[in-house]
Amino acid sequence: MMIAVDRLQDRYDVIVVGSGAAGGQTAYTLTMEGAKVLMLEAGRNYVPETETPMFHTPDKAPLRGASTPDKEFGFYDSTVDGGWQIPGEPYSSASSDTEQQFWWWRARMLGGRTNHWGRISLRNGPYDFKPRTRDGLGFDWPLTYADLAPYYDKVEMLIGVYGDNHGLENTPDSPAGCLLPPPKPRVGELLIRKHAKDLGVPVIAAHRAVLTEKLDHKRLPPLLHPGNPRAQKILAEHMRNRAACFWATDCGRGCSIRATYQSTTVHLPPALATGNLDVLVNAMVREVELDKSGKATGVVFIDKTTGKEQRATARIVVLAASACETVRILLNSKSAQFPQGLANSSGKVGRYLMDTVGASVSGQIPRLENLPPHNEDGAGGIHVYSPWWLYQQQHAGKLDFARGYHIEMGSGRHMPGAGSISTLGSLSGGYGQQFKRDMRRYYGSIVGMSGRGEMIPNEHSYCEIDPQGKDRWGIPTLRFHWQWSEHETRQAAHMQKTFSDIIEAMGGRVLGKVETDGRKAIAPGGYIIHEVGGTLMGADPKSSVVNQWGQTWDVKNLFVTDGAPFPSNADKNPTLTIMALAWRATDYMLAAMARREL
Ligand SMILES: Cc1cc2nc3c(=O)[nH]c(=O)nc-3n(C[C@H](O)[C@H](O)[C@H](O)COP(=O)(O)OP(=O)(O)OC[C@H]3O[C@@H](n4cnc5c(N)ncnc54)[C@H](O)[C@@H]3O)c2cc1C
Ligand code: SF4
């Protein structure tokens with residue numbers, strides 16, 4: 001249940017710090033299998049069923065819903081108390097050079113960023129777990145695709161992911177029964193597919209965590225919780241309470257009918273229904289405490305409602321606060337045993353921070369002009385995408401960068417927002433009746449393509465404690481160092497060329513400049529909000545922070561289940577992999593607790 005600080009139990013089996021994708025998945029699996037869990041969340045409570053403005057039109061909002069510094073993704077975006085900057089919670093960059101600065105997006109609310117993420121849910125492929133073996137760069141994971149595949153299956157079945165299998169290289173198929181049917185491509189997506197194919201670029205069904213039909217509440221629960229009839233019953237009931245998407249609203253506002261995955265609508269309700277989960281919001285964890293033997297005893301946190309320091313204790317502590325926040329907690333947990341920060345005997349905590357490479361091009365397509373009015377809101381996000389298609393050429397050394405990217409494409413007639421008219425207006429140049437005619441002509445004729453590419457971890461991209469910085473509770477803050485390598489900037493330049501080629505093949509014209517200099521085309525570090533790394537997972541305690549179970553080498557009852565352990569950041573968006581790893585880690589914890597090893 002949701003508790004107040006004075007209702008904390010003396011000791012829990014597990015403390016989970018954070019309630020987003022990682023914390024949600026960790027708490028879900030543990031509580032469904034009987035462990036007593038305390039979840040500590042720095043943000044406020046958030047109830048999507050009552051707080052989601054799904055049907056408000058932009059004209060009802062200040063500035064017609066346009067973005068503002070405190071609502072970066074627009075007035076109706078579901079993020080509360082979050083953004084690139086959070087009052088009273090600063091961070092800094094070591095360099096004043098804009099190319100070396102890191103943008104850090106945080107959401108301070110129950111469910112974290114899962115309330116408004118893009119829901120794109122791609123599996124890493126077999127190559128993505130062994131990148132160093134393939135091209136000699138970065139790090140291999142101490143596990144294989146085959147090790148994680150059963151957990152991808154489970155997460156897809158639990159949260160509900162639409163998509164299809166196409167048998168393409170390093171783009172894993174899901175076993176029958178895992179995926180929901182994909183929505184049909186929109187007209188712009190069909191046109192992209194037709195012309196991209198001529199250029200050798202495949203366009204296939206996207207995978208997104210949106211229910212295109214209701215989940216099968218009879219078939220799935222026994223597969224997800226074999227031998228556990230209580231968990232099956234709770235999950236079946238919960239699945240019945242999720243409706244299918246009705247194709248009409250912006251998922252970034254959240255989904256009150258639970259058709260899309262949010263930790264608050266998918267992981268937490270069944271976990272709370274077990275009676276095994278206590279959730280304390282407004283609890284800002286500062287550090288992990290140890291006993292004399294070097295085992296974690298619990299955490300110290302600030303109760304934000306009073307500003308007072310509090311403690312909670314447990315057999316196991318799991319950090320799932322998002323990659324950089326987890327690093328911050330570890331580095332702030334200094335003791336005689338760990339003067340450089342907890343679990344940091346390798347000196348690697350904070351190192352090898354990664355984001356996703358991003359670059360975009362949009363174009364106007366005359367063949368999409370003057371389409372009859374129709375609704376293309378669809379599933380609230382992409383219906384198709386292009387997986388990386390040049391693995392063989394890259395492996396043969398025919399490209400001047402080492403890793404691939406996928407393409408996310410947008411098109412169609414959605415509900416117009418504050419920015420819609422500015423783009424269309426630049427095409428018109430007319431007034432009055434002419435302007436109206438032009439709006440009808442051009443509306444829906446613009447397509448956009450965004451590349452999402454792999455970054456190779458490097459020594460120059462990391463975070464550390466800022467010797468000067470403190471947040472409003474006196475907790476030391478992070479300072480970031482950032483540098484793209486030429487692999488990433490050349491990849492960004494390749495994206496620009498590919499996207500403009502596709503737009504031209506469609507008979508369209510590129511809007512704006514096609515940037516041939518990758519350093520100018522690439523989005524700043526952190527800007528794609530796929531930050532991972534900082535507690536490197538590896539097979540050797542001397543050179544890594546956690547093992548393949550997310551268990552820190554130095555403190556055996558301390559785990560990390562967010563994106564911090566990622567040894568590489570494949571082009572595939574990270575959240576599905578975070579959840580699959582978290583489920584695998586909790587299975588390990590449950591087995592170790594049952595054996596009384598933890
Ligand atoms: C606009 C947007 C679009 C995105 N689209 C996609 C996408 O399409 N696909 C994809 O895979 N990923 C996407 N992402 C990224 C995705 O949201 C993250 O990968 C995912 O949410 C990470 O889960 P997490 O649990 O590690 O962190 P979060 O979801 O950020 O949750 C962490 C939680 O921990 C809490 N916390 C932090 N510090 C503390 C502390 N000290 N004490 C207590 N609690 C703390 C935070 O308040 C937060 O609620 C997107 C993100 C954004 C913002
Ligand atoms: S588009 Fe579908 S999944 Fe997205 S918010 Fe609307 S109903 Fe929910």
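Nothing fancy with the numbering, it's 1 onward along the sequence. Order of listing sets the numbers, starting from 1, for every ligand and every atom in it. Just so it is clear, the model here is predicted, and its values are computed rather than measured.
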If we number the atoms of ligand 1 from 1 as shown, the ones under 4.0 Å from a heavy atom of V17 are 42 (N), 43 (C)
Give the atoms of ligand 1, by number and element, whose distance to some non-hydrogen atom of M284 is under 4.0 Å.
41 (N), 42 (N)
Which atoms of ligand 1 have any heavy atom of L40 under 4.0 Å away?
43 (C), 44 (N)
Sub-4.0 Å atoms of ligand 1 with respect to non-hydrogen atoms of A107
46 (C), 47 (O), 48 (C), 49 (O)
Looking at R123 and E156, does any basic side-chain N land under 4.0 Å from a carboxylate oxygen?
yes
Among all protein non-hydrogen atoms, which one is nearest to atom 13 (C) of ligand 1, and what is the separation to 0.1 Å?
H530 NE2, 3.6 Å
Side chains of R44 and V281 in contact at under 4.5 Å (non-hydrogen atoms)
no
Closest protein heavy atom to atom 9 (N) of ligand 1, given as residue, atom name and distance to 0.1 Å
I120 O, 2.9 Å
So does Y145 have more than 12 non-hydrogen atoms from other groups sitting under 6.0 Å from OH?
yes
Atoms of ligand 1 close to W105 [distance to a heavy atom under 4.0 angstrom, numbered from 1]
53 (C)
Quick one: does ligand 1 sit under 4.0 Å from the side chain of R106, the backbone, both or neither, non-hydrogen atoms only?
neither
Close side-chain approach of V266 to Y261, heavy-atom, < 4.5 Å:
yes
Under a 4.0 angstrom heavy-atom cut-off, which atoms of ligand 2 come close to G254?
5 (S)
Could you tell me whether R108 and E89 have a side-chain N and a carboxylate O separated by less than 4.0 Å?
yes
For ligand 1, find out whether one of its N or O atoms is nearer than 3.5 Å to an N or O atom of A323.
no
If you measure every N/O of A21 against every N/O of ligand 1, is any gap under 3.5 Å?
yes
Would you call E464 and K348 a salt bridge, taking side-chain N to carboxylate O under 4.0 Å as the test?
no
Students should be able to answer this: which protein heavy-atom is nearest to atom 16 (C) of ligand 1, and at what distance?
T575 OG1, 3.3 Å
Any heavy atom of F301 closer to ligand 1 than 4.0 angstrom?
no
SB check E376 R413 (cutoff 4.0 Å):
no
Contact region, R113 to ligand 1, non-hydrogen atoms below 4.0 Å, reads both
Given R113 and E325, is the salt bridge (charged side-chain N to carboxylate O under 4.0 Å, His left out) satisfied, shown in steps?
CA-CA 13 Å; R113 289 173 290 171; E325 290 283 7; over 6 Å; no
Quick one: nearest non-hydrogen protein atom to atom 33 (C) of ligand 1, plus distance?
E41 OE1, 3.6 Å
For atom 14 (N) of ligand 1, state which one of I529, T26, N115 supplies the nearest heavy atom.
I529
Would you check if the side chain of R242 reaches a backbone N or O of R258 as a donor-acceptor pair within less than 3.5 Å?
yes
Closer than 2.8 Å to atom 2 (Fe) of ligand 2: does that hold for any N, O or S atom in C251?
no
Proximal atoms of ligand 2 relative to T260 (non-hydrogen, under 4.0 Å):
3 (S)
Side-chain (D355) to main-chain (H530) donor-acceptor, under 3.5 angstrom:
yes
Side chain, backbone, both or neither: which part of V285 comes within less than 4.0 Å of ligand 1 when only heavy atoms are counted?
both
For V210, the ligand 2 atoms with a heavy-atom partner under 4.0 Å come out as 3 (S)
Mark up the atoms of ligand 1 that fall under 4.0 Å of a heavy atom belonging to D562, in ascending order.
26 (O)
Can you find a pair of side-chain heavy atoms, one from W141 and one from F566, that are under 4.5 Å apart?
yes
If we number the atoms of ligand 1 from 1 as shown, the ones under 4.0 Å from a heavy atom of I329 are 41 (N)
Minimum-distance protein heavy atom relative to atom 50 (C) of ligand 1:
W117 CB, 3.7 Å
May I ask you to identify the nearest protein heavy atom to atom 31 (O) of ligand 1, giving residue, atom name and distance to one decimal place in Å?
G20 CA, 3.5 Å
How far is atom 6 (C) of ligand 1 from its nearest protein heavy atom, and which residue and atom is that?
G118 N, 3.4 Å
Using modelled atom types and a 3.5 Å cut-off, is there a donor and acceptor pairing between side-chain atoms of S333 and backbone atoms of V288?
yes
Are E309 and K304 within salt-bridge range, i.e. N to O under 4.0 Å?
no
N, O or S from C255 under 2.8 Å to atom 8 (Fe) of ligand 2:
yes
Check this for me, if you would: do R328 and D471 make a salt bridge, where the nitrogen-to-carboxylate-oxygen distance has to be below 4.0 angstrom?
yes
For ligand 2, note which part of T249 has a heavy atom under 4.0 Å away: side chain, backbone, both or neither.
both
Name the closest protein heavy atom to atom 2 (Fe) of ligand 2, giving the residue it belongs to and the distance to 0.1 Å.
C245 SG, 2.4 Å
Please work out, at 4.0 Å between heavy atoms, whether the side chain, the backbone, both, or neither of S121 comes within that distance of ligand 1.
neither
May I ask you to say whether R311 pairs ionically with E289, meaning some side-chain N is under 4.0 Å from a carboxylate O?
yes
Evaluate the ring planes of W388 and Y405, with Trp represented by its six-membered ring, and classify them as parallel (under 30°), tilted (30 to 60°) or perpendicular (over 60°).
tilted
Does R7 pair with D278 as a salt bridge, N-O distance under 4.0 Å?
no
Does atom NZ of K214 have more than 12 heavy-atom neighbours, drawn from other residues, nucleotides or ligands, at distances under 6.0 Å?
yes
Say whether M109 and ligand 1 are in contact under the criterion: heavy-atom distance to a ligand atom below 4.0 Å.
yes
Taking only heavy atoms of A283, which atoms of ligand 1 are found under 4.0 Å from at least one of them?
42 (N), 43 (C)
Can you list the atoms of ligand 2 that are under 4.0 Å from a heavy atom of F246?
7 (S)
Minimum-distance protein heavy atom relative to atom 44 (N) of ligand 1
A42 N, 3.0 Å
Min heavy-atom dist G381 to ligand 2 below 4.0 Å
no
Where the side chain of R452 meets the backbone of I407, is there a donor-acceptor pair that is under 3.5 Å apart?
no
